Asks: 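Take a look at the following structure, please.
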Number of protein chains: 2
Amino acid sequence: MVAEDKLPSLSSIRAFEAAARVGSFAQAAAELGTTAASVSYHVRQLEQQLGMPLFHRHAQRVELTQGGAVIAREAMNAFAALRASFVRAVEVDESRLALTTLPSFGTSWLTPLLGGFRAKHPAIALRIDVSGDAEDLNDGRFDAAIRNGLGRWPGMRAVKLLPSIFMPLCSPKLKSAAAAALANPRKAPEVPLLGRPDWWTMWFRARGFSAGPSRDKFGTSLAHEYLDIAAAVAGQGIAIGSPLLFRAELDSGRLVPAHDTVGTDDRAFWFIYPAARQHSRKLKLFGQWIEDEAAKARAAGAGFIRRARG
Amino acid sequence: MVAEDKLPSLSSIRAFEAAARVGSFAQAAAELGTTAASVSYHVRQLEQQLGMPLFHRHAQRVELTQGGAVIAREAMNAFAALRASFVRAVEVDESRLALTTLPSFGTSWLTPLLGGFRAKHPAIALRIDVSGDAEDLNDGRFDAAIRNGLGRWPGMRAVKLLPSIFMPLCSPKLKSAAAAALANPRKAPEVPLLGRPDWWTMWFRARGFSAGPSRDKFGTSLAHEYLDIAAAVAGQGIAIGSPLLFRAELDSGRLVPAHDTVGTDDRAFWFIYPAARQHSRKLKLFGQWIEDEAAKARAAGAGFIRRARG
DNA sequence: CCGTAGGCTAAGCAAGACTTATGGTCGCCG
DNA sequence: CGGCGACCATAAGTCTTGCTTAGCCTACGG
């Protein structure tokens, strides 16, 4: 009969609370977007579970009983507190955005631009993870990610940012030596090649060579693309990398294209986040911002993109 | 996505609250008497409705997110407050019992005994209504009633108290005159008859007279049985009434049976209350008490009851 | 290395919630 | 004073929601 420690049906409590607040089943029904019959049913339900009347039924109106008034007061408070807590929690959640990104993309392209986002949306604190592992976006640790792929992630919303293109980049001092080194993938090494062998293979294929470069053409293998690029800047070899991600190095003249051919693996960098969270304000804001920045980068590197071949 | 002013599903909030409190979906499920799958479903539900994660999912355990913690705290408070309010409301409700009763029964039999109930259960404040109207027991104004009838009230629990019997009662001084007056219902009046004509008719029928007393045998018609009895005590006529209800008058000698025949209409006085409230403590206590008192009265009046004829 | 614990997912099911329809009562208004 | 509208109660039928079962996966621990 009476609630030992179990709560009666919460749906009933909600109906009762609304009815108590507005003093009418019909109005309560309107507020809850349901029918008077439903409210009547729920109130009766609650009365049965409690074993006590909550309303005096008069012909045209209802009136709280003493006990009903006690519950009504507490229920109003409780629901108001709950409602407020949701709003507050959403605010808390919306105040910080955790993003996991590929190291190359994050380090070379994204990080330098972040100041712009901070200036535009100071209320959103960013946390960027460049660990490189494909972190789970559903376990609550990250809000969004930047990944490389074909744009097919089930359950995810994906925004295309930059195409995945690559070309040989080297220090201006190595430019002429590089031309010789790139003449034939099978020729003896003159200047070491840096970066992902698969990209090199694809790049040579884009130039018509069926075979990739032999193993002995490679220099030290480094863990990350941007480390290869740093080595190239230092004149230690020819790196293969994206002219979009490393535009700063090209613009400043620290690197130059070692050859005009641009390769692509037909993939792209995407900004992705769970489809369930597509209405989150912070995700909308960040997504809009990064898409704008990517558009600028695509425009600036349009010449490279146009020449890209798979 | 986000709760504008609508609350997300309360079932989900409850599941979430339990999970947050105990820190485990499985344990929460046990507490709620459901399964881990259900808890998981509800938490996910809530996360979708809010558009934000509430738990970090680790392999073997879950951990509240920042936002989740905010909600968890408020939800715990809210539920605790609700729970407390129900207990309090039940206490309030249980502390007062409103009873509506027939005037004769209430005034003559019940009221003098109430002191005993008050002494036994001082925590329950009684309110007795003797208006005589058959008040609705479902509109929350009354907890229980005492009615006369056959014990068939749909939706009600009914406890039989006293059989509805009646016999002529008069002042000792009128006893001999009364004998003459009752000899034949059609004889000219010598002493006026008081009380319900239908009872008089039934009573004469119980004695073998097919016709009831003629109209001119009646004295002033009074509104209530106990007023007729009071008139009889004052020597103004012969009243027809229950020797059980007016035992005090008989015991004290203020009234005596004017004839030994006892009539009955095969009805009884019942203590009734809504079946939905059968577990209410105050109703159980009062019901037990009044049943005991009625049993005593039946024992004391067993001689009358045995002789009753319809 | 396997057993156990904890959580996730899918699919089917059942109880509860809701709707529609109807009836009754009261109060208002012509 | 009778018709109408507002309001609540009730019944029956439908459908959503929440729950269960079953199976999978991962991490931890003996």
Side-chain angles (χ1 to χ4, degrees), chain A residues 6-16 18-20 22-49 53-65 68 133-141 154-155 274 276, chain B residues 6-20 22-49 53-65 68 133-141 154-155 274-276:
Chain A
K6 273 182 61 82
L7 279 174
S9 152
L10 287 163
S11 325
S12 298
I13 300 179
R14 170 142 75 180
F16 165 73
V22 301
S24 148
F25 288 9
Q27 273 182 259
E31 176 181 315
L32 296 172
T34 179
T35 62
S38 168
V39 174
S40 172
Y41 163 84
H42 279 296
V43 170
R44 195 159 297 280
Q45 194 82 355
L46 190 56
E47 287 177 326
Q48 292 216 350
Q49 290 179 50
L54 296 170
F55 281 107
H56 296 299
R57 264 75 163 185
H58 300 105
Q60 301 275 47
R61 83 212 140 81
V62 289
E63 184 191 358
L64 281 171
T65 62
D133 306 333
E135 302 284 358
D136 185 357
L137 285 192
N138 286 315
D139 75 355
R141 289 178 11 265
Chain B
K6 273 182 63 83
L7 279 174
S9 152
L10 287 164
S11 323
S12 298
I13 301 179
R14 169 142 77 181
F16 166 73
E17 186 263 355
V22 301
S24 149
F25 287 10
Q27 272 181 259
E31 176 181 315
L32 297 172
T34 178
T35 62
S38 167
V39 174
S40 171
Y41 162 84
H42 279 297
V43 171
R44 196 159 296 281
Q45 195 81 355
L46 189 56
E47 287 177 327
Q48 292 215 352
Q49 290 179 48
L54 296 171
F55 281 107
H56 296 299
R57 263 74 163 187
H58 298 105
Q60 301 273 51
R61 81 214 142 80
V62 291
E63 185 192 358
L64 281 171
T65 61
D133 305 333
E135 301 284 357
D136 185 357
L137 285 191
N138 286 316
D139 74 354
R141 290 180 8 266

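Please read all numbers here as calculations on a predicted model, not as lab measurements. Hydrogens, waters and symmetry mates play no part in the numbers below; they use all other heavy atoms, side chains included. Throughout, protein chains are lettered first and strands after them, A, B, ... in sequence-line order, and every chain is numbered starting at 1.
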Asks: Ignoring hydrogens, what is the shortest heavy-atom contact between A:A36 and A:A26? Give both atom names and the distance.
Replies: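 So the two residues come closest at CB-CA, 4.2 Å.
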
Asks: Please give me the minimum heavy-atom distance between A:E31 and A:A18, naming the atom from each residue.
Replies: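 Nearest pair, atom of A:E31 first, then A:A18: OE2-CB, 4.2 Å.
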
Asks: I need the minimum non-hydrogen distance between B:F16 and B:V43, along with the two atoms involved.
Replies: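 Minimum heavy-atom contact is CA-CG2, 4.2 Å.
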
Asks: Tell me the interatomic distance from A:R57, atom CZ, to C:dT25, atom P, rounded to whole angstroms.
Replies: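 Distance, rounded to whole Å: 17 Å.
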
Asks: Decide yes or no on side chain to side chain contact (heavy atoms under 4.5 Å, CB included) for B:Y41 and B:T35, but give the supporting numbers first.
Replies: CA-CA 10 Å; B:Y41 162 84; B:T35 62; over 6 Å; no

Asks: What distance separates B:R57 CZ from B:T65 OG1, expressed to the nearest 0.5 Å?
Replies: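 Here the interatomic distance stands at 9.5 Å.
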
Asks: Mind calculating the distance between NE2 (A:H58) and C1' (C:dG24) to the nearest angstrom?
Replies: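 Atom-to-atom, A:H58 to C:dG24, this comes out as 17 Å.
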
Asks: Which letter, B, S or -, goes with each nucleotide of nucleotides 13-19 of chain C from 5' to 3', with contact meaning a protein heavy atom under 4.0 Å?
Replies: ---SBSB

Asks: Determine whether a donor-acceptor pair (N or O, by modelled atom type, separation under 3.5 Å) exists between the side chain of A:E47 and the backbone of A:L54.
Replies: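 Yes, because the side chain of A:E47 sits within donor-acceptor range (under 3.5 Å) of the backbone of A:L54.
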
Asks: Quick one: CD on B:Q45 to OG on B:S40, what's the gap to the nearest 0.5 Å?
Replies: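 Going from CD on B:Q45 over to OG on B:S40, the span is 11.0 Å.
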
Asks: How long is the line joining CD of B:E63 and C1' of C:dG6, in whole Å?
Replies: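 The answer, rounded to whole Å, is 16 Å.
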
Asks: Compare side-chain N and O positions of B:R61 against OP1 and OP2 of C:dG7 and report whether any pair is under 4.0 Å apart.
Replies: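 Checking B:R61 against C:dG7: no side-chain N or O falls below 4.0 Å of OP1 or OP2.
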
Asks: Please find the earliest and latest nucleotides of DNA chain D, in the 5' to 3' direction, that have an atom within less than 4.0 Å of any heavy atom of chain A.
Replies: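 On DNA chain D, the outermost contacted nucleotides are D:dG5 to D:dT10.
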
Asks: Which residues pass the side-chain contact (heavy atoms from CB on, under 4.5 Å) test with A:A15, sequence neighbours left out?
Replies: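 Result, side-chain contact (heavy atoms from CB on, under 4.5 Å) vs A:A15: A:L32, A:H42.
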
